[in-house]
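A short worksheet on the structure shown next.
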Amino acid sequence: KFTRVPRPFVDSSSLVLTEEVGSKGVITLNRPKALNAINLEMVQLIYDAMKRWESSKHLVIIKSVGEKAFCAGGDVRAITETGGAELAKKFFTSEYRVNALIGSYRPTYVAFIDGITMGGGVGLSVHGKHRIATERTMFAMPETAIGLFPDVGGGFFLPRLEGKLGLYLGLTGFRLKGRDVHKAGVATHYVESKNLPALEQQLLASTSNDEVESVLERFSEKKDAGVEFVLQKHLKQINECFSAPTVEGILKKLEQDGSEWANQTLKVLHKMSPTSMVVTQKQLELGAKMDLKTCLRMEYRLAVHHAIDSDFKEGVRAMLVDRDQNPRWNPTTLAEVDPARVEKFFGPLPDGDELKFEDDDPKASL
């Protein structure tokens, strides 16, 4: 019964397409060959559109071109290969401002996380009110495998998942697919991908937030429909093993557990950057008690420190550039990770720079 609202002409060569449909706005990531990975230009275009619509729209949808990926992450190769600390500062400042804006956005924000949704793509969706997963969704925060940490507000949303699930996902980079993204609480709704065009059409025909809610409710499958959550049978072990106060303690508990699942998990963790795992555990512990903006300020410090001196460059080389899957971590073992160096990652930046938001109190800081 809904007629499609005619869309204005848009420049289809732009990396981010924006459309206005009455009191609604649509942002479309348009870099399918790079799995819609976001670079500095894209982040700035998204921010500009969101600010432009902040007081004039009641609904904003974000989606992407192509069936493979919503957004496979931030373009970390550009940072490690060309820009170093300066590009890192620009990129993470812009990206984290978008993450914070999504978290406090006045219009209702709906993300269609159809396809690969990792790293920066998680940041573009998870802080918004509604996240729609499909059978093609693949969610992961794989940063410890590239010598980084689950940023884009990972320190805020991961510890707020059930029990120790978030820490498990953040340390292992475990991939959740389809309905499991919804069951884990990362997505708010699950809709078959073939129904997304009709869902979008009805959302764009909606006239109130209540109507948005009822449209989403109508299209979405119930969380308990069909098969059980992929990690259901291991949740008790995850909560037990990942409640240890240190990463070394987690490994010890996994060794004591001795099950096939525990041994597989140990194998995965032994591949990760030891420094990244220690940083990640502390990040989530602190982030559990922070609001989103405070958490992003902490993560900005972490990100810039990582661009200056960490396993980040080596991890990107091994996993994304040379693809030899053989990173040479420094140090190579957890026992050698220097607590003073870990503290330094969380400390002020060398030039006293901090992440600032447009509506900040000038005195605001960590």
Side-chain angles (χ1 to χ4, degrees), residues 73-74 76 88-89 91-104 117-128 131 139-174 176 184-186 238 242-247 250 269 272-307 310-312 315 337 339 341-349 354-357 360 364-366:
V76 290
K89 282 181 184 178
F91 178 75
F92 290 117
T93 295
S94 300
E95 185 180 31
Y96 294 0
R97 279 180 181 162
V98 169
N99 302 150
L101 182 58
I102 291 167
S104 61
T117 303
M118 300 196 296
V122 176
L124 287 179
S125 54
V126 81
H127 306 300
R131 290 92 64 188
F139 161 94
M141 291 297 277
E143 288 81 3
T144 55
I146 58 164
L148 200 58
F149 59 95
D151 68 327
V152 296
F156 178 80
F157 85 85
L158 286 171
R160 286 165 173 81
L161 297 178
E162 187 188 331
K164 290 292 173 182
L165 179 61
L167 182 59
Y168 168 77
L169 295 173
L171 289 177
T172 64
F174 184 85
L176 291 171
V186 174
I238 287 171
F242 284 77
S243 63
T246 64
V247 179
I250 291 170
L269 292 175
M272 305 306 183
S273 157
T275 306
S276 288
M277 289 196 291
V278 176
V279 167
T280 297
Q281 201 230 9
K282 184 178 171 72
Q283 171 207 0
L284 268 58
E285 196 180 297
L286 293 171
K289 303 177 191 75
M290 293 174 169
D291 62 28
L292 178 57
K293 281 187 173 178
T294 309
C295 185
L296 288 165
R297 284 193 188 95
M298 168 180 74
E299 292 182 7
Y300 179 73
R301 286 180 172 184
L302 289 172
V304 178
H305 279 304
H306 274 71
S310 71
D311 282 332
F312 182 31
V337 175
R341 184 168 177 237
V342 172
E343 282 304 313
K344 202 178 156 197
F345 281 123
F346 289 84
L349 297 173
E354 300 290 348
L355 177 62
K356 294 179 184 69
F357 300 105
D360 265 350
S365 65
L366 275 176

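All heavy atoms count here, side chains included; hydrogens, waters and symmetry mates do not.
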Quiz prompt | Heavy-atom side-chain proximity of L158 to L167 below 4.5 angstrom | solution = no

Self-check item: Short side-chain to backbone donor-acceptor contact, K289 and E285, under 3.5 Å
Solution: yes

Quiz item: Side chains of V98 and E95: closer than 4.5 Å at any heavy-atom pair?
Solution: no

Quiz item: Is the closest side-chain heavy-atom distance between M290 and F156 below 4.5 Å?
Solution: no

Practice problem: Indicate the atoms forming the closest heavy-atom contact of M272 with T172, along with that distance. | Solution: CE-O, 3.2 Å

Quiz item: Shortest non-hydrogen contact from A288 to P159?
Solution: CB-CB, 3.7 Å

Practice problem: Evaluate the side-chain proximity of T144 to F149: yes if any heavy-atom separation is below 4.5 Å, no if none is. | Solution: no

Quiz item: Is the closest side-chain heavy-atom distance between V279 and F346 below 4.5 Å?
Solution: yes

Quiz item: M141 versus L169: any side-chain heavy-atom pair under 4.5 Å?
Solution: no

Exercise. Mind telling me whether Y168 and F174 have parallel, tilted or perpendicular rings, with 30° and 60° as the class edges?
Key: tilted

Exercise. Determine whether T275 and F345 make a side-chain contact, defined as any pair of heavy atoms from C-beta on separated by less than 4.5 Å.
Key: yes

Exercise. Check for a donor-acceptor pair, side chain of R97 on one end and backbone N or O of K356 on the other, with a separation under 3.5 Å.
Key: yes

Quiz item: Is there side-chain contact between M118 and E143, with heavy atoms separated by less than 4.5 Å?
Solution: no

Quiz item: Is there a donor-acceptor contact under 3.5 Å from the side chain of H305 to the main chain of P348?
Solution: yes

Quiz item: Are any side-chain N or O atoms of R297 and backbone N or O atoms of E354, one a donor and one an acceptor, separated by less than 3.5 Å?
Solution: no

Exercise. Evaluate side chain to side chain contact (heavy atoms under 4.5 Å, CB included) for Y96 paired with K293, printing each intermediate quantity in order.
Key: CA-CA 9 Å; Y96 294 0; K293 281 187 173 178; over 6 Å; no

